[in-house]
Amino acid sequence: MTSTRCAVCKYFRRRCPSDCIFSPYFPPNNPQRFTCVHRIYGASNIGKMLEELPVEDRATAIETLYYEAKCRIQDPVYGCVGLIPWLQQELNIAQSQLAKIRAEIAFHYVNTATAEPILDSVEQLVQQYDVDHGLDEHSYSWFW
């Protein structure tokens, strides 16, 4: 017998055997976890599921049962399936934001690509015709 009873054994007010199938997954410091899962699935069904699963898959199964039970308590009609429309809406928002950002990037890319040749041609004209804008020399003493 272990020194502390798991949440399941505490709930049923019984001794917790050393080979209790529930103790690794329902610790005594988190009784609401078992209460939530028990409310939806029942303790005997949880025990049967755990016995049928390999030991390495049991923790994942309990996490899944807990999540599904929590969702079912919050939304009795749809449960965790009720999250799908919300997630689809979030996905649509993210996709539209991505499309907007891609369009902005393309717009800036096109503007930059068309502006560079214009700037290059202006610089070539300045060099070709030796245009003096007067800022290279210190002719404007008030400016320097």
Side-chain angles (χ1 to χ4, degrees), residues 1-136 140 142-144:
M1 185 172 117
T2 59
S3 59
T4 58
R5 297 181 298 168
C6 67
V8 178
C9 294
K10 276 187 177 181
Y11 183 85
F12 289 114
R13 297 182 181 156
R14 63 181 185 201
R15 291 183 185 208
C16 193
S18 59
D19 62 341
C20 180
I21 195 167
F22 299 109
S23 63
Y25 314 108
F26 298 106
N29 60 351
N30 195 357
Q32 66 273 12
R33 180 180 169 113
F34 170 72
T35 306
C36 182
V37 176
H38 172 64
R39 186 172 160 192
I40 301 300
Y41 296 104
S44 64
N45 289 330
I46 298 167
K48 289 175 190 174
M49 285 184 224
L50 286 176
E51 287 173 354
E52 292 176 7
L53 287 172
V55 176
E56 62 270 6
D57 294 337
R58 290 178 181 177
T60 306
I62 292 298
E63 288 296 320
T64 304
L65 289 173
Y66 176 61
Y67 179 75
E68 289 177 0
K70 211 166 58 167
C71 289
R72 182 62 65 182
I73 289 170
Q74 290 174 355
D75 185 358
V77 176
Y78 293 108
C80 59
V81 177
L83 294 174
I84 293 173
W86 177 78
L87 291 172
Q88 284 176 333
Q89 181 182 7
E90 291 293 313
L91 182 63
N92 290 337
I93 290 169
Q95 286 174 337
S96 65
Q97 289 174 345
L98 178 63
K100 180 182 174 187
I101 296 297
R102 284 184 175 165
E104 288 177 7
I105 290 171
F107 176 76
H108 289 297
Y109 178 75
V110 168
N111 284 343
T112 305
T114 56
E116 285 178 5
I118 293 171
L119 291 176
D120 290 342
S121 62
V122 168
E123 288 177 11
Q124 288 174 357
L125 286 173
V126 168
Q127 289 174 357
Q128 180 182 359
Y129 293 107
D130 196 28
V131 176
D132 184 17
H133 46 72
L135 295 179
D136 291 339
Y140 301 107
W142 58 269
F143 188 72
W144 302 104

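These numbers were taken from a predicted model, which means no experiment stands behind them.
- With sequence neighbours left out, the salt bridge (charged side-chain N to carboxylate O under 4.0 Å, His left out) criterion links Arg72 to no other residue.
- Here Ile46 contributes atom CD1 and Leu65 contributes atom CG; the two are 6.5 Å apart, rounded to the nearest 0.5 Å.
- Under the side chain to side chain contact (heavy atoms under 4.5 Å, CB included) criterion, Lys10 pairs with Arg5, Pro28, sequence neighbours left out.
- Looking at Leu53 and Thr60, their side chains never come closer than 4.5 Å, going by heavy atoms from C-beta outward.
- Here Ile101 pairs with Glu104, Ile105 under the side chain to side chain contact (heavy atoms under 4.5 Å, CB included) rule; sequence neighbours left out.
- Side chains of Ile21 and Arg58 form a contact here, defined as non-hydrogen atoms less than 4.5 Å apart.
- Evaluation of the side-chain hydrogen bond (donor to acceptor under 3.5 Å, both in side chains) rule for Glu51 yields no partner, not counting sequence neighbours.
- Among residues two or more places apart in sequence or in another chain, the ring pair (Phe, Tyr, Trp, His ring centres under 6.0 Å) test is passed with Tyr25 by none.
- Residues Cys6 and Pro27 have side chains not in contact (no heavy-atom distance under 4.5 Å, counting atoms from C-beta outward).
- Contact annotation: the side chain of Ile62 never approaches that of Met49 to less than 4.5 Å [non-hydrogen atoms, C-beta and beyond].
- Within the 4.5 Å cutoff, side-chain heavy atoms of Tyr66 are placed close to those of Cys36.
- For the side chain to side chain contact (heavy atoms under 4.5 Å, CB included) test, residues two or more places apart in sequence or in another chain that qualify with Tyr67 are Cys71, Cys80, Leu83.
- Partners of Pro54 under the side chain to side chain contact (heavy atoms under 4.5 Å, CB included) rule, at least two apart in sequence or in another chain, are Glu56, Asp57.
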Go through Glu68 and Val37 one step at a time and tell me if the side-chain contact (heavy atoms from CB on, under 4.5 Å) criterion holds. CA-CA 8 Å; Glu68 289 177 0; Val37 176; over 6 Å; no
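- Residue pairs meeting the salt bridge (charged side-chain N to carboxylate O under 4.0 Å, His left out) criterion with at least one member in residues 73-88, sequence neighbours excluded, do not occur.
- Residue pairs satisfying the ring-ring contact (aromatic ring centres under 6.0 Å, His included) criterion with at least one member in residues 26-64, sequence neighbours excluded, are listed as follows: Tyr11-Phe34, Tyr11-His38, Phe12-His38, Phe26-Phe34, Phe34-His38.
- Screening residues 32-50 for salt bridge (charged side-chain N to carboxylate O under 4.0 Å, His left out), with sequence neighbours left out, gives Arg33-Glu63.
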Anything under 3.5 Å between a donor and an acceptor, one on a side chain of residues 89-97, the other on a protein residue two or more places apart or in another chain? List them.
residue, atom, partner, partner atom, Å
Asn92, ND2, Gln88, O, 3.3
Ser96, OG, Asn92, O, 3.3
Ser96, OG, Ile93, O, 2.8

